[in-house]
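All remarks here apply to the structure that follows.
Residue numbers run from 1 in the order of the sequence given. Atoms within each ligand, like the ligands themselves, are counted from 1 in listed order.
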Amino acid sequence: MVRLLRFLKPYRRQIALAVALVLLQSLAELFLPALMASIVDEGVVTGNTGHILRVGGLMLLVAAAGTGAAIAATYFAARTANGFGRDVRRELFRRVSAFSLQEMSHLGTATLITRTTNDVTQVQQVVYLAMRMLVSAPLMAVGGVVMAIVTDPQLAWVIAAVVPLLIFAIVAVASRALPMFRALQDKVDVLNRVVRELLTGVRVVRAFNRTDYEHRRFTAANRDLTETAIRVNRLMGASMPILMILLNMSIVAVMWLGAVRVDDGYTQIGDLMAFIQYVSLIMFAVLMVSMVLIILPRAAVSAGRIAEVLQTEPGIQDPPAARPVEERRGVVEFRNVSFQYPGAEQPALQGISFRAEPGKTTAIIGGTGSGKSTLVNLLVRFFDPTEGQVLVDGVDVREQSQADLRRYIGFVPQKAVLFSGTIRDNIRYGNEDATDAEIERAAEIAQALEFIRNMPEGFDTKVEQGGTNLSGGQRQRLTIARAIVRRPRIYVFDDCFSALDFKTDAALRAALKRETQDATVIIVAQRVSTIMHADQIIVLDGGRAVGIGTHEELLRTCPVYREIVISQLGEEAVA
Ligand code: ADP
Ligand code: MG
């Protein structure tokens with residue numbers, strides 16, 4: 001909670017204003033019963049109409065001031081709480097955007113979403129309530145006690161008897177509710193995760209007839225959340241009547257004892273009426289504090305979850321002073337690079353060294369899991385190597401600013417990711433300043449022009465979320481066009497040709513060759529035909545480079561490569 005306080009700083013003035021207004025409102029409420037007592041005892045009982053009118057007028061003024069203050073206080077409190085929520089969400093989003101893949105997978109997408117939405121709302125509510133109640137309630141409680149004692153010290157003993165009971169009841173409820181709130185937030189996470197998995201994998205779920213299974217999984221998570229929520233609410237619900245009974249019993253006690261005292265002439269009717277109002281004021285004040293105290297633990301849990309995200313340092317950060325790169329040519333160099341995923345037993349890459357130059361194509365081939373994607377991820381600095389160095393244009397990528405580095409790289413990931421928007425928007429994503437002509441050209445090179453033209457609205461066709469209204473190959477070609485429109489110095493294609501048929505693959509590579517004449521091209525592929533004409537081919541096997549050279553050289557020297565070629569093109573290709 002404390003760690004989120006800094007987000008309240010910009011709202012100091014509004015908070016002060018709201019607190020002052022709330023205090024004003026509380027004072028008015030404390031003052032009103034005394035005025036009423038005066039009307040009853042000195043006006044009604046003695047038949048003094050002038051007094052009734054005078055004090056009545058004053059009462060109206062005080063009440064109006066109190067109401068006005070209450071309205072204004074609500075306004076400022078709501079503004080502050082919502083502004084606070086917005087600021088925290090913005091900061092969370094900013095922080096999460098900077099996370100590397102590692103922090104992402106460590107925390108998990110589902111909980112990051114819950115924390116940015118639901119948890120912020122919890123804390124925001126407490127900020128609002130605290131501003132409304134935390135300052136006014138103690139004042140009302142203490143003020144109420146003082147006024148009650150002034151009104152009738154003897155009757156004040158009733159309050160002394162009831163308040164400890166009240167506090168005991170509140171503590172009992174709060175201490176049981178606290179652990180339940182923690183569980184509640186975790187269960188929201190679980191539900192969120194199940195729904196996400198179901199929605200993103202809906203086709204697989206259907207294809208494998210697992211709908212029932214997923215339903216059961218969802219039902220279980222849903223029921224679990226519901227039951228916990230019901231238990232918490234039952235507890236909170238039970239506490240309300242208990243408190244009301246306490247309140248009403250103390251009023252009964254005050255009336256009983258007070259009636260005797262009025263009879264005996266120790267106190268007056270008006271004072272007794274005022275006293276009853278003070279008792280309610282005090283009890284409501286305690287109630288308000290307890291409400292804040294009860295939701296405070298829940299908000300504290302949420303605040304802790306938010307702070308955890310805010311305190312997670314992105315594993316990949318810009319250097320304090322980025323080293324300038326003299327000339328962006330696009331030379332990529334791996335120097336004895338090893339990489340091990342955190343928690344993995346085996347390194348995913350070991351001792352990789354190579355150099356990729358402008359105007360040349362470097363291909364990477366190897367079986368699944370041999371480390372191809374890992375290698376290109378190191379180049380765009382999604383991870384940092386455990387050992388060795390990755391240099392771009394002679395400077396270690398860790399010494400460059402990430403934005404600067406990536407500006408010159410056109411990266412096509414293995415999994416085609418599209419965003420909701422039009423096809424044009426998706427290609428332009430690679431380069432905001434691209435003209436329509438440039439976008440069309442990029443699409444043409446990526447062999448996407450034909451199918452785009454055949455779509456009902458051409459480039460303005462809407463892409464559904466995740467690109468589900470396009471085929472895998474079409475999606476892949478759009479991501480290629482997105483990289484091309486960027487006109488980068490370095491192209492990185494991570495296995496993105498595998499989803500294309502042979503003919504499109506060949507046509508695309510031919511068009512690309514013309515376009516990328518002076519750029520550095522790094523192609524990851526499974527098919528020998530895709531890469532056999534590359535200037536150098538790196539053969540990966542179990543994270544090691546078992547061969548580097550041209551197609552012909554490797555055929556002679558690298559048994560792993562020979563095997564791949566034979567399995568795909570047959571014995572005669574080797575001969
Ligand atoms: P390729 O692209 O050649 O199919 P990858 O580079 O994706 O292979 O993976 C290389 C190895 O690293 C595999 O053994 C895989 O299990 C492991 N690996 C990949 N990603 C992760 C990750 N995020 N965490 C842990 N291990 C990973
Ligand atoms: Mg891969």
Would Asn118 and Gln122 count as having a side-chain donor-acceptor pair, cut-off 3.5 Å?
yes
Would Gly371 count as a contact residue for ligand 1, given that I'm defining contact as a non-hydrogen atom of the residue lying under 4.0 Å from a ligand atom?
yes
Phe502 six-ring face occupied by Arg527 cation (under 6.0 Å, within 45°):
yes
Any heavy-atom pair between the side chains of Val392 and Leu379 that's under 4.5 Å?
yes
What protein heavy atom is closest to atom 7 (O) of ligand 1, reported as residue, atom name and distance in Å?
Ser373 CB, 3.6 Å
Evaluate salt bridge (Lys or Arg N to Asp or Glu O under 4.0 Å) for Arg328 paired with Asp404, printing each intermediate quantity in order.
CA-CA 10 Å; Arg328 285 287 175 189; Asp404 210 27; 3.6 Å; yes
N or O pair under 3.5 Å between Phe383 and ligand 1
no
Thr219-Arg223 side chain donor-acceptor pair, cut-off 3.5 Å
no
Give the numbers and elements of all ligand 1 atoms closer than 4.0 Å to a heavy atom of Thr368.
4 (O)
May I have the step-by-step check of side-chain contact (heavy atoms from CB on, under 4.5 Å) for Thr520 and Thr362, ending in yes or no?
CA-CA 8 Å; Thr520 308; Thr362 300; 5.6 Å; no
Evaluate the side-chain contact (heavy atoms from CB on, under 4.5 Å) criterion for residues Ile480 and Gln447: first the C-alpha distance (whole Å), next the side-chain angles of each, then the deciding distance (0.1 Å), finally the verdict.
CA-CA 9 Å; Ile480 293 171; Gln447 308 300 308; over 6 Å; no
At less than 2.8 Å, would any N/O/S atom of Ser373, backbone or side chain, sit next to the Mg ion (ligand 2)?
yes
Looking only at heavy atoms of Gly367, does any of them come nearer than 4.0 Å to an atom of ligand 1?
yes
Which residue and non-hydrogen atom of the protein lie closest to atom 11 (C) of ligand 1, and at what distance in Å?
Gly369 O, 3.8 Å
So for Gly366, does at least one of its heavy atoms come nearer than 4.0 angstrom to any atom of ligand 1?
no
Quick one: look up the protein heavy atom nearest atom 17 (C) of ligand 1 and list residue, atom name and how far away it is.
Tyr341 CE1, 3.8 Å
Is there at least one pair of N or O atoms, one from Thr374 and one from ligand 1, spaced under 3.5 Å apart?
yes
Considering only heavy atoms from C-beta outward, does the side chain of Val325 approach that of Tyr408 to under 4.5 Å?
no
Is any side-chain heavy atom of Leu500 closer than 4.5 Å to one of Arg509?
no
Is the Mg ion (ligand 2) less than 2.8 Å from an N/O/S atom of Thr374, whether that atom is in the backbone or a side chain?
no
Using a 4.0 Å heavy-atom cut-off, which part of Ser370 comes near ligand 1: side chain, backbone, both, or neither?
both
Using protein heavy atoms only, decide if any is under 4.0 Å from atom 15 (C) of ligand 1.
no
Considering only protein heavy atoms, determine whether one is less than 4.0 Å from atom 5 (P) of ligand 1.
yes
